[in-house]
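Inspection log for the structure reproduced underneath, given as structure tokens.
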Amino acid sequence: TFASSLFWLAPGTSYDVRVTVSDPDGVSGGAQLTTTFSTRSGTLPEPTLTLYVSPSGSDAPSNPGTSPGSPLRTIQRAANLAAAGTLISIAPGVYRESVDVPTSGNAAQPIVFRGSAPGVILDGADAAIDGGVAWTAAGSGVYWTAVTFATNHVVTDLGRLYSHDTLPDLTNLAVNTPPGGFWFDGTGMRLYVKLAAGGSPAARQMHVARLEDGFLIDQKSFIRVENLEIRHYGADLYGKGVYLRYADDCAVRGSRIHDVEVAGVWIKGGSRNLVEDNDLTDTAIFGWPWDSTKGSSAENNGVVMTNEVGRGNVIRRNRFRGTFNGIGPCGSDAPLSGDVTVETDIYDNDFRQHTDDGLEPEGYCANVRIWGNTVTDVHMAFAVAPAEIGPLWIVRNVAYNFGNTRTSQQDGFTASALKINSDFPQPIGPLFLYHNTLLTNAPATDAMALLNNGVSTYITAGNNLIAGTQYALYKVNPVLLNWDWNDLFTTDASRYVKWMGTSYTTPAAFRAATGLEGNGIAAAPLLVAPGSGVFRPQPTSPLLDRGRPMPGIDDGWVGTAPDIGAIELLFGDGFESGGTGRWGGVAP
């Protein structure tokens with residue numbers, strides 16, 4: 001399969017494109033093909049009708065909810081009444097409900113659920129326990145309370161509690177997971193809690209999930225969820241803040257989704273969905289042991305995409321904090337439409353403090369583009385094990401201090417900017433890494449560790465800064481590398497590259513043995529202040545003008561050549577994205 005991408009296109013714009021095919025074995029048919037296409041508009045349409053919802057409202061059948069002076073009581077009632085072109089304007093307050101959206105909008109007339117002001121909260125936790133209930137001491141610091149519903153998710157004001165398998169495990173806190181743990185007895189309908197710091201749960205704010213999902217949008221289209229706080233869902237095994245199930249052209253925007261069991265936003269199938277400008281966070285998980293968290297209900301994601309993910313989904317400008325993984329953007333199978341590629345874009349997001357992977361493009365990743373993201377304090381920055389079919393593009397991202405986690409420093413797992421090792425037979429790639437800044441100061445951490453097992457095709461890398469504190473490159477996987485024009489650097493003067501069991505302590509020895517990095521450098525990058533989030537090269541940095549021009553990837557540079565890394569020090573007026581701030585190191 002041959003697939004490629006055009007970067008830095010403008011929204012709502014028509015383009016003519018010409019593809020020229022050149023092959024030393026000859027070309028069957030025309031060597032050039034032309035077509036036209038248009039990018040999607042950057043403006044979302046507004047509904048024309050309004051329903052109002054307030055905690056003081058009424059769901060009486062006689063109340064149409066069309067007047068702000070006579071609002072509905074529940075979001076679900078508004079969803080049941082909404083037709084295409086309806087805005088559900090939700091007043092501040094706590095709504096303890098799970099909303100199942102029964103009707104689709106259309107391209108010109110969407111259905112929009114929108115918080116009218118800050119403080120609109122969808123809460124999946126039980127109101128009575130939130131309000132305070134009696135807890136009975138069971139000994140050894142364990143307390144219990146009777147419940148009338150099953151639950152698999154408990155959060156306190158100190159953070160998320162770990163779900164133990166048995167009461168003895170909880171009593172002994174077999175898994176050291178501050179701030180503590182819980183066990184639900186489904187036979188006796190009791191919830192047992194033990195806080196790591198001791199004391200009764202009655203002295204804490206307890207949020208016990210009794211609902212599974214915040215929003216369920218099942219096989220619907222043109223639905224938007226905006227400006228809401230969504231929290232504490234997960235009564236069963238797969239609690240989700242917003243569940244887009246085979247839904248198309250939907251959006252989750254400007255919302256705070258936190259302390260949800262498995263996924264802030266789950267996209268199962270579906271095309272052209274948009275997740276933008278959200279805070280997707282969790283508490284406590286970042287400090288938990290990897291072995292205990294992996295495979296548990298806390299192996300969660302801010303956003304996850306599964307099954308036959310459709311084409312054209314976009315995840316942008318979100319803030320991810322504290323989930324096990326930041327995002328899993330690839331499904332398991334090709335789109336139901338029969339298309340080969342998925343055309344997923346993940347850009348301008350900020351990922352921090354993930355126990356495992358910042359970005360985990362694993363599965364059916366065919367023309368997935370990851371660009372302009374910042375990843376900090378994670379175990380693996382990009383896990384592509386396996387990202388099958390390809391191509392997968394990782395362009396202009398910053399990954400900083402990967403390996404600065406308990407997983408890497410205490411639990412004994414090898415960190416890396418890129419993970420390719422897997423136990424699956426599917427090949428990884430092709431994979432393209434261009435103009436990334438991959439830099440860690442975490443102790444004894446390889447910048448790039450390409451480990452076994454797994455089957456790989458090839459990785460093409462150019463104009464990247466790849467710098468660590470142990471080996472710049474540690475490779476035991478037989479994956480083919482097409483690498484040049486990179487800065488491979490380590491602060492460990494006794495190491496440089498370890499390649500299939502052989503150590504090379506100098507760039508010259510590495511080049512002579514492998515033929516790679518003939519135009520590369522090995523120099524301290526001299527960035528302005530990476531610890532403060534400023535990854536721009538200093539005026540004296542060796543990265544300046546040391547890259548290779550890549551038309552369509554780094555157009556607009558000033559000087560004799562592009563700079564190495566994600567941040568270009570200077571740009572000319574012709575940069576195709578329309579601005580110089582992003583690549584010039586200024587926060588977007």
Side-chain angles (χ1 to χ4, degrees), residues 43-132 149 207 209-233 235 240-244 247 249-258 260 265 274 277-279:
T43 303
L44 299 176
E46 278 295 300
T48 55
L49 304 172
T50 303
L51 294 176
Y52 297 91
V53 179
S54 170
S56 61
S58 169
D59 285 348
S62 59
N63 182 17
T66 54
S67 168
S70 184
L72 301 167
R73 171 63 184 87
T74 63
I75 303 170
Q76 184 63 63
R77 176 61 174 164
N80 294 342
L81 294 176
T86 302
L87 166 66
I88 295 95
S89 180
I90 309 167
V94 178
Y95 299 83
R96 297 184 185 274
E97 52 182 308
S98 182
V99 181
D100 186 345
V101 180
T103 306
S104 291
N106 59 54
Q109 292 288 297
I111 296 175
V112 179
F113 296 84
R114 180 182 294 158
S116 64
V120 180
I121 301 170
L122 268 73
D123 198 322
D126 180 70
I129 297 177
D130 263 20
F149 56 91
H207 310 288
R210 68 176 300 157
L211 300 174
E212 183 73 345
D213 302 321
F215 274 89
L216 172 60
I217 303 172
D218 187 0
Q219 302 178 73
K220 302 300 184 294
S221 57
F222 298 102
I223 308 296
R224 301 209 307 258
V225 176
E226 300 178 347
N227 302 341
L228 305 177
E229 180 179 348
I230 302 173
R231 67 191 189 189
H232 305 147
Y233 286 88
K240 301 166 284 291
V242 179
Y243 187 18
L244 301 177
D249 299 289
C250 295
V252 182
R253 308 174 66 229
S255 294
R256 182 185 175 217
I257 307 175
H258 65 99
V260 174
V265 179
L274 173 65
D277 301 316
N278 303 287
D279 282 350

* Closest approach of Gly115 and Leu228, non-hydrogen atoms and distance? -> N-CD2, 3.4 Å
* Asked: Once you round to the nearest 0.5 Å, how far does CG of Leu211 lie from CZ of Phe149?
  -> 9.0 Å
* To do: Would you name the heavy atoms of Asn63 and Gly65 that are closest together and state the gap between them?
  => OD1-N, 3.1 Å
List, one per line, each side-chain donor-acceptor pair under 3.5 Å for residues 215-223, sequence neighbours excluded.
unit_1, atom_1, unit_2, atom_2, d
Asp218, OD1, Arg245, NH1, 3.1
Lys220, NZ, Asp218, O, 3.0

* Structure fact -> Taken to the nearest 0.5 Å, the spacing of Leu122 CG from Ile75 CD1 works out to 4.0 Å
* Structure fact -> Rounded to the nearest 0.5 angstrom, the CD1-NE2 distance for Ile230 and His258 is 9.5 Å
* Structure fact -> Between the CG atom in Leu87 and the CG atom in Leu51, the distance rounded to the nearest 0.5 Å is 8.0 Å
* To do: Kindly write out the residues that satisfy side-chain hydrogen bond (donor to acceptor under 3.5 Å, both in side chains) with Ser67, not counting sequence neighbours, or none if the list is empty.
  => none
* Excluding sequence neighbours, so at least two apart, what forms side-chain hydrogen bond (donor to acceptor under 3.5 Å, both in side chains) with Ser58? -> none
* To do: Only pairs at least two apart or in different chains count here, so list each side-chain hydrogen bond (donor to acceptor under 3.5 Å, both in side chains) that has a residue in residues 112-128.
  => Glu46-Arg114, Arg114-Glu226, Asp123-Arg231, Asp123-His232, Asp126-Arg210
* Asp130 side chain to Ala125 main-chain N or O, any donor-acceptor pair under 3.5 Å? -> no
* **Donor + acceptor pair across side chains of Gln109, Thr48 (<3.5 Å)** => yes
* Where the side chain of Asn278 meets the backbone of Gly254, is there a donor-acceptor pair that is under 3.5 Å apart? -> yes
* To do: Under the salt bridge (Lys or Arg N to Asp or Glu O under 4.0 Å) rule, collect the residues that match up with Asp100, sequence neighbours excluded.
  => none
* Asked: Looking at OH of Tyr52 and CG of Leu72, how far apart are the two atoms once the value is rounded to the nearest 0.5 Å?
  -> 11.5 Å
* To do: Give a yes or no on whether the backbone of Ile257 and the side-chain of Ser255 come within a donor-acceptor separation of less than 3.5 Å.
  => no
* To do: Let me know which of Pro71, Pro92, Ser89 forms a side-chain contact (heavy atoms from CB on, under 4.5 Å) with Ser54.
  => Pro71
* How far apart are the C-alpha atoms of Val120 and Asn227, what are their side-chain angles, what is the distance that settles it, and do they pass the side chain to side chain contact (heavy atoms under 4.5 Å, CB included) test? -> CA-CA 8 Å; Val120 180; Asn227 302 341; over 6 Å; no
* To do: Answer yes when Asp277 and Arg253 have at least one side-chain N-carboxylate O distance shorter than 4.0 Å, and no when they do not.
  => no
* Selection residues 71-83 - residue pairs positive for side-chain hydrogen bond (donor to acceptor under 3.5 Å, both in side chains), sequence neighbours left out -> Asp59-Thr74, Gln76-Asn80
* To do: Identify the two heavy atoms, one from Gly85 and one from Pro47, that lie closest to each other, and give their separation to 0.1 Å.
  => O-CB, 3.3 Å
